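Here is the structure we will look at, set down as structure tokens.
By convention in this document, chain letters (A, B, ...) are assigned in the order of the sequence lines, proteins followed by strands, and residues within each chain are numbered from 1. Owing to the predicted nature of the structure, the values given are computational and were not obtained by experimental measurement.
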There are 4 protein chains.
Amino acid sequence: MSQRTEGAARRSERAQAQSERILRAAQKCFIEHGFHAAGMALVAKTAGMNPSLIYRYFPGKSAIILAIVERQLVHARASIRALHDASDFKESMIEAFCLWRDADPDMMNAALFLEMSAEASRDPVIAAGLRASDQAIRDELAAWLSASAADGGKGLPPELARIRAITLQTFMEGLAIRSLREPDIPLAELSATVTDFVDRLFSNPGLGSVTQ
Amino acid sequence: MSQRTEGAARRSERAQAQSERILRAAQKCFIEHGFHAAGMALVAKTAGMNPSLIYRYFPGKSAIILAIVERQLVHARASIRALHDASDFKESMIEAFCLWRDADPDMMNAALFLEMSAEASRDPVIAAGLRASDQAIRDELAAWLSASAADGGKGLPPELARIRAITLQTFMEGLAIRSLREPDIPLAELSATVTDFVDRLFSNPGLGSVTQ
Amino acid sequence: MSQRTEGAARRSERAQAQSERILRAAQKCFIEHGFHAAGMALVAKTAGMNPSLIYRYFPGKSAIILAIVERQLVHARASIRALHDASDFKESMIEAFCLWRDADPDMMNAALFLEMSAEASRDPVIAAGLRASDQAIRDELAAWLSASAADGGKGLPPELARIRAITLQTFMEGLAIRSLREPDIPLAELSATVTDFVDRLFSNPGLGSVTQ
Amino acid sequence: MSQRTEGAARRSERAQAQSERILRAAQKCFIEHGFHAAGMALVAKTAGMNPSLIYRYFPGKSAIILAIVERQLVHARASIRALHDASDFKESMIEAFCLWRDADPDMMNAALFLEMSAEASRDPVIAAGLRASDQAIRDELAAWLSASAADGGKGLPPELARIRAITLQTFMEGLAIRSLREPDIPLAELSATVTDFVDRLFSNPGLGSVTQ
DNA sequence: AATGAATGAGGCTTCATTCAT
DNA sequence: GATGAATGAAGCCTCATTCAT
């Protein structure tokens, strides 16, 4: 590796580290104040750097918003994957709610998720990103649902699998809203709800009972 | 009616008409740009009036936001009521989705709904309003689910009714998000999803075990 | 008196009453908030009338300020006259301080007095008014000081009387400032100060001791 | 001095210079228009800078007003100190009057002094500042008056010294008002007044009885 | 790479005033 | 004589961004 290349690499490393610092700070601020109410000055202070410096790594605020959105999509996908990798499906969904609620400022976050979704109706770039991500998630979910039980799937016929994937997605997104509007709902009640929902969705009437 | 009284009545009429004009304009702007990104100047221009005039009818921007939020809550309640007044439950839910999506700028609106929900995690006044409304909706829903079939209800035992009310609420809110992130989803697919979901939720098998 | 004239007279009466109402309200507001910080709306509300109505009686805010200034000048002259009509000169001066301080919203008022004086350095109309009033006061004061004791005066030679009039005026105006900056000064201390001041000013060294 | 330190020092210098520029401009504007009538835009233009820039150096308008007030208090204290450091007391008081009148836009200013005093009856922060400053001035004055003649003092007994300090303060403040209301008073007349006043105040006859 | 200084557009709101009735 | 509606200018202040170093 030539010195020059090495230098470039090192610079690139640093650049990425800085970008990360900025994004983490931005995410925290956006969660706490919303995209528009959080100012660049606050983001910079949260990241422990000078506002001007941010412009070395991002062309502007909306670029940061976009990056945050993409980050969230990655998290979302990971969270879905965790869902069907889990041994206990129901518990895993309840955990998902807790994840929504407890706002690890570096993970998926419900407030951010909602604001992103609302923004999709205004910014076509964001809309496209979300749509793509949603499709990917749904495909993954459907694949899992239609896979044979031997492969860790639920053995649903493909068409139904697709439908159920939508149902699952919709319900989980609904949980995001619940986590914001009712942050102090008793976990027992929520747990009962999820259990009932999953039971009904994957039980007897012929189509393969999958509970547990 | 004395002249004075008539005058007062007319004044009141006008005041209410103006307030309405402002709220409609504000709602439009908030849908298109979000609570914080929409400025008072834009709202005024949309309402076709001078910005200062708005302050004769509202003490400030946040009062307008609050009024819009409350309006939405009223619509939400109405929409739920329509749900269980309908002869066909499934179709009614699909219509609800269309309502979410088609954004009559004077009715319930998905983007607004999401932004409200996100804002609840920051503004305690809004949070309280949403919580109260949600509780009312849920009670109404549960009452309906636990009413006897003769009374147009679903005859569920009260505990289960409550759980299912949460499920329904969550799912419908999830539909709001779907309507924003996938506004062009084929209606057939959505229809199949809702049908499946409702069938599963309200089919015979022992009424479903409320585990845990 | 013809009907017409009588009507005019009655109208004029009413007009004057309204003007008075406005001026009293304005004075109260100006004392509490200052000339510029008190708005026409507040004045109107204080007067119990509609803001627009004020413009029937005054061409604008500055006209009201001017009227208030003139009112104050009348009060000032009255207050000075009270000074040398009083049997006990010292006590009368102490009372003057209390008058400054206790802000009868319809009499002379220290805050107003200062604001007027400051305004004189900006508005030539006000400046002229104040100067004229000050001259009149001083002439009156000097006349009293140079009048023979038989006439209730102090019997000072005219030149000295003029000088002493300035001194008195200056000292009393100083009291206005003290009353604002030290509203809770012990009355005993103030009393001692005034007594000493008057004693020194009108005592032995030949020029006619006048104390008490 | 390291580069960093040097940088910091230079920055600090600049910051202070800018603050000074703002304060000088603000003082000029406040003198010319009053605290409330002078807008930030005018201050900025007078200082030759962008209005927003002011907020890098002051958190808001009232902070500037406060800074100006404190500045004036410092000047006031200096002016009093000059009074009793002077060899000729009377002349020094006359000079003080000229100082009041001639409005060096960077020194003590009568209009500002009055407006400050009036504002004290409304803003408790300003009130506290003025009271503290007045007390300090009075203590200093009293100390001087009660010091022995050998120490350059007037040798008054402490109690009387305190009373006379109030008298002097009051009279000098009265001069401030005179300087505004009668800026073109003949200096001879004023000089005679001050001379007479001082002579009377500090002439022999038994030191004056402190009645009551 | 990083900083503090600077800017101009725009944020929300209040003002004194005029208009129509 | 009196009112509520309406207006445009101006109020203070914050924002995202760029500049010079």
Query raised in the report: Side chains of R21(D) and Q18(D): is there a donor and an acceptor less than 3.5 Å apart?
Result: yes

Query raised in the report: Rounded to whole angstrom units, what separation is found between the CE atom of M40(A) and the P atom of dA6(E)?
Result: 21 Å

Query - Intra- and interstrand pairs of DNA chain E - dot-bracket, Watson-Crick/G-U under 3.5 Å, | marks other strand - result: .||||||||||||||||||||

Query raised in the report: Is it true that R122(D) and E115(C) make a salt bridge, defined as a side-chain N closer than 4.0 Å to a carboxylate O?
Result: yes

Report task. Return each pair, listed once, that meets ring pair (Phe, Tyr, Trp, His ring centres under 6.0 Å) where at least one residue sits in residues 27-50 of chain C; pairs must be two or more places apart or across chains. Result -> F30(C)-F35(C)

Report task. Using whole Å, report how far CD of Q16(A) lies from C1' of dA1(E). Result -> 17 Å

Query raised in the report: If only side-chain N and O atoms of Q18(A) are considered, is one of them under 4.0 Å from the OP1 or OP2 phosphate oxygen of dA2(E)?
Result: yes

Query raised in the report: When the distance from CD1 of I22(A) to P of dA1(E) is rounded to whole Å, what number comes out?
Result: 12 Å

Query - Residue whose closest nucleotide on DNA chain E lies nearer the 5' end, A37(B) versus R21(A) - result: R21(A)

Requested in this report: Measure from CD on E13(B) to P on dA5(F) and round the result to the nearest Å.
Outcome: 12 Å

Report task. Please lay out, stage by stage, how Q27(B) and I31(B) fare under the test side chain to side chain contact (heavy atoms under 4.5 Å, CB included). Result -> CA-CA 6 Å; Q27(B) 176 148 342; I31(B) 289 172; 3.8 Å; yes

Query raised in the report: Do R71(C) and E20(C) come close enough that some side-chain heavy atom pair is under 4.5 Å?
Result: yes

Report summary line: DNA chain F nearest-nucleotide lookup for M49(C) and P59(D): closer to the 5′ end is M49(C)

**Report entry** Residue-level proximity of residues 50-58 of chain B to DNA chain E when a heavy atom falls under 4.0 Å
**Finding:** S52(B), Y55(B)

Report summary line: Rounded to whole Å, NE2 of H33(D) lies from C1' of dG11(F) at a distance of 15 Å

Query raised in the report: Contact class for A44(D) vs. all strands (heavy atom < 4.0 Å): base, sugar-phosphate, or nothing?
Result: nothing

Query - pair L114(A)-F113(B): side-chain heavy atoms closer than 4.5 Å - result: no

Query - Distance in Å, K28(D) NZ paired with I68(D) CD1, rounded so as to fall on 0.5 Å steps - result: 13.0 Å

Requested in this report: Starting at atom CD1 of I65(A), determine the distance to atom C1' of dA16(F), rounded to an integer number of angstrom.
Outcome: 12 Å

Query raised in the report: If each of H36(D) and G48(C) is mapped to the nucleotide of DNA chain F with the nearest heavy atom, which maps nearer the 5' terminus, i.e. the 5' end?
Result: G48(C)

Query raised in the report: Hey, are the side chains of I22(D) and M49(D) touching, using non-hydrogen atoms and a 4.5 Å cut-off?
Result: yes

Query - N/O donor-acceptor pair under 3.5 Å between Q72(B) side chain and L112(B) backbone - result: no

